[in-house]
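Right, one structure below, let's go through it.
Residue numbering restarts at 1 for every chain, and letters A, B, ... go by the order of the sequence lines.
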Amino acid sequence: MKKDLGIFVLLVVLCTIVSIRNPSFLTPENLQNTGRLIGAFGIFSLGLGLVIITGGIELSVGSMMALLGVLLSIMLTEWRWAAIAAILACLLLVMGLGWLHGLLVTRVKLQPFIVTLCGLLLYRGLARFISDDETKGFGSVEGFESLRFLAGGNLLGVPMPFVLLLIISAVMWVFLHRSVFGRYLFASGRNEEAARYSGINTRLIISLAYVIAGGLTAISGIIFAFYTNSISPASHGNFYELYGIAAAVLGGCSLRGGEGTVIGILIGTALLQVLQNLVNLLDIPSSLNFAVMGAVILIGVLADQFFSQRRNRKQVALLRESAKADVTSANTATSNNV
Amino acid sequence: MNLTPVLEMKGIGKRFPGVVALDGVDLEVRQGEIVGLIGENGAGKSTLMKILGGVTERDTGSIEVAGREVEIHSPREASQLGIEFIHQELSVLDNLDVAANIFLRREPTKGGPLKMLKLIDRKRIYAEADHYLQKIGLDLSSHTPLSKLSLAQQQLVEIARALSAGARILIMDEPSSSLTLTETRRLLEIIGELRTHGVSVIYISHRLEEVREIADRVVVLRDGRNAGLLERHEIEHNTMVRMMVGRDLEDFYIHANGGGNREPNWFGVNRLRTLRYPQHAVSFSVGQGEVLGLAGLVGAGRSEVARALFGVDQTIGAEITLAGRPLNIQSSQDSIAEGIYLVPEDRRLSGLIVEFNIRENITLPGLDRYSTGGLVGKAKELEKANEMCRTINIKTPSTEVRAANLSGGNQQKVVLAKWLALSPRVLIFDEPTRGIDVGAKAEIYGLIRDLAREGVAIIAISSEMEEVLGISDRIAVMHEGRITGILSRDQFSEEAVMRLATGGER
């Protein structure tokens, strides 16, 4: 938790600055809208974080969402599937893609970057081909109220995606930080060989991370599809994987694997969305959008590096203190033995 | 040989927090002389050489090179004084060719205003590289990609690099540790020839036979102090050992056999064939409560056997039995379920997750024992970790310390604790005391002995002759993938093991 404190402070400072400079940041509408986006982005960012903890990467998130959006629209409006069937089909499809990625990474030993880069291109192309490169949507067809509610509705004033994110985060937190699977995931990501030497089925664990990431991407994808209500296959979900990676890295995940927390990823996601909001509210030219984000991520990562090095130095100092005490006792012990 | 010293280190002292690494050590090297620097791990050899190489700063003492007092603050300054370090782990770049490696950072150039923008003088770099290769008798073209070279040849390229940098004092840290016998012979010859070029060599090795053969003088360190100085005619194996250890070896190793072989063929390995040596089948057995030493040179295939038995390497075929029951081991999950565990050779890479703390490392293989409903019970973990720290004396202020911050000996104890917490039936050690100080070594031997007494079958791979002779009840010796002989206690001798390890007959 200590590790997430730095970025949390950064988030609070940013929020304070924005609300002082432009009080409309605190209006219910703005908070609701920002919360909605945090929810939608947060869900798949958690999945991406999971993959990053295994030492891998998932670049095809945005393309998966485009493919999913197009298929969802076709299933609901053209094939007239029941909502629940369409959602299950989408979930299974994207989790299946995740499983395929996991298989290629752990069994065929391809590098995650390459596997998912191919996915990025492949699924985008498929999405555009299936839809004839035409924008798909859900129009005004009746019957999707429950689905629309997931994306656009509020529960007691809290946007539904945010509610979903909270539920999923709670589950993920227990899963990652308290369960056996979570420990195995960190172990496999940190040092796959040592994990294997401890009897962990690392291939299964890593594959599962990709499958879960797929599932969470699907949930986010469904929310985004109904949130935008129109899916232009060439641009829907563009760069979303990078938002997810940025959120995970801001939240303390190391691309080397084995590091990261659910809370960190949540704060990271929130930070990115607040930054977007800040650019709009403070009349910063929107062309600077990415530049602002890049700078803040860099600052966040630098601060994290600084603090983690300091923490380690403290532990080493502590050990040296106790070693000092040991040396004297060990010296007497060995001289007795000889 | 010229008697004027090219190097004089006097009264060198170095303290690390809590440890005195060096306490007034003297070292003198004359021109064209080979000085063997020996001592147990932790005796201070590496620290002394790091100070000479400019990697570490000394606290006290003085260094004179060619009669002039010098301060060495960096490897670059050491290099300017003609001091070159050839490390235990090769520091060559295997994506470049031989010439590029020899002249790295000192490339002959032509044209261009800035150093970085100049073009490499290809004609000169290859011509000069060839010249140095010839000088050390390495018969190949400097165009050869380094990756095509054997380890031994790569080592020679390092020597060529040092010579081309104008080395007058060459520090070699365990240069033969991964070479075959013939390669070692060749290396020793070349080192001998360096004398004629007026180059002095400081030769650090645990292989005392090599030191005896090549050194003009031997300097022995023990616990950070000079423990002795031997002139050429005094250099003898036993004298060196006595000086290094400071006591007789018999006190150090206590034979494991406590249970007296309760069941002779308890753990049986039949016709095991590894991927590295598919043409040879290995068969042996270990009794309950017996310590079987597995001796041989580096590359004899011992670690491959260990990894195959533990299920982390695939095998071509094997019949393994434990207590009369045949086992089918396809993965480390299978072997762990049977109580067959491995303490691997490289503990930082395979034995531990060094970023994890002690508790997380110890409980990792048996995590389900400390969990309920898939959730880890930290209290149970803590209890077990604390218990293990107490019983095998892991020196740490708390179980929440990261394994990376522990000493080698304590790290090895954590690896061992992982398995002891799961009550082993067969325990395989691959180089159990590599890089561990004397005190911890004795403790590990004690633990091995206790385990054997409790009826665990133990296989101990060791490249240290004294260790394998000291702790084993029987020794199986391997050579290039085959077991060339199994020695019983009354047949133990260094000569017998060496003969079998080099492929000779019993």
Side-chain angles (χ1 to χ4, degrees), chain A residues 53 55 171 173-205 254 256-259 308 311-338, chain B residues 16-20 223 246-247 251-252 307 310-312 331-337 341-344 346-356 360-361 363-368 370-371 373-378 395-398 400-402 404-407 415 418-419 422 438-439 442:
Chain A
I53 288 171
V171 174
W173 186 83
V174 174
F175 199 47
L176 200 57
H177 299 304
R178 286 293 177 270
S179 80
V180 173
F181 171 85
R183 181 74 62 78
Y184 286 178
L185 191 76
F186 279 106
S188 309
R190 253 309 178 195
N191 184 338
E192 193 183 342
E193 183 162 338
R196 212 156 50 90
Y197 273 74
S198 295
I200 296 172
N201 189 344
T202 55
R203 293 198 279 206
L204 178 72
I205 299 285
S254 160
R256 255 165 276 141
E259 247 178 291
S308 70
R311 258 198 313 279
N312 197 36
R313 271 203 298 275
K314 265 189 200 158
Q315 194 171 58
V316 171
L318 190 76
L319 271 169
R320 281 181 176 161
E321 284 301 312
S322 80
K324 226 178 257 176
D326 272 357
V327 164
T328 28
S329 61
N331 278 348
T332 43
T334 36
S335 56
N336 288 341
N337 284 344
V338 172
Chain B
F16 292 112
V19 195
V20 180
D223 301 332
R247 67 193 143 193
D251 303 338
F252 198 56
R307 287 202 300 269
F310 187 54
V312 287
S331 70
S332 52
Q333 288 106 60
D334 295 341
S335 60
I336 289 172
Y341 310 134
L342 171 67
V343 175
D346 187 338
R347 63 180 157 267
R348 297 181 64 87
L349 190 73
S350 330
L352 293 169
I353 295 175
V354 292
E355 294 87 355
F356 271 23
E360 290 163 335
N361 270 298
T363 57
L364 194 59
L367 204 52
D368 39 357
Y370 316 102
S371 319
L375 301 186
V376 181
K378 193 174 171 190
K395 293 184 193 98
T396 173
S398 114
E400 304 305 290
V401 168
R402 287 177 14 160
N405 293 334
L406 296 174
S407 70
V415 181
K418 275 169 53 170
W419 301 131
L422 294 181
V438 183

So for A/Phe186, is it side chain, backbone, both, or neither that comes closer than 4.5 Å to the heavy atoms of chain B?
both
Of the backbone (N, CA, C, O) and the side chain (C-beta and beyond), which part of [X] lies under 4.5 Å from a heavy atom of chain A, both, or neither?
X: B/Ser371; value: side chain
X: B/Arg348; value: backbone
X: B/Ser335; value: neither
X: B/Glu360; value: both

Sorted by chain and residue number, the ring-ring contact (aromatic ring centres under 6.0 Å, His included) partners of B/Tyr341 (sequence neighbours excluded) come out as B/Trp419
When rounded to the nearest 0.5 angstrom, what distance separates CZ in A/Arg183 from CG in B/Leu367?
5.5 Å
Can you give me the closest heavy-atom contact between B/Ser332 and A/Gly199, atom names plus distance?
OG-CA, 3.4 Å
To check you understand the geometry: which heavy-atom pair defines the closest contact between A/Tyr197 and B/Pro344, and what is its length?
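Result for this residue pair: CE2-CB, 3.8 Å.
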List the steps, then state whether side-chain contact (heavy atoms from CB on, under 4.5 Å) holds for B/Gln333 with A/Asn201.
CA-CA 7 Å; B/Gln333 288 106 60; A/Asn201 189 344; 3.7 Å; yes
Quick one: which of B/Ile353, B/Ile336, B/Leu352, B/Leu364 gives a side chain to side chain contact (heavy atoms under 4.5 Å, CB included) with A/Ser198?
B/Leu364
So, does A/Arg196 use its side chain to make a donor-acceptor pair with the main chain of B/Val312 at under 3.5 Å?
yes
Distance-only, no hydrogens or angles: does the A/Asn191 side chain make a donor-acceptor pair with backbone N or O of B/Ser350 under 3.5 Å?
no
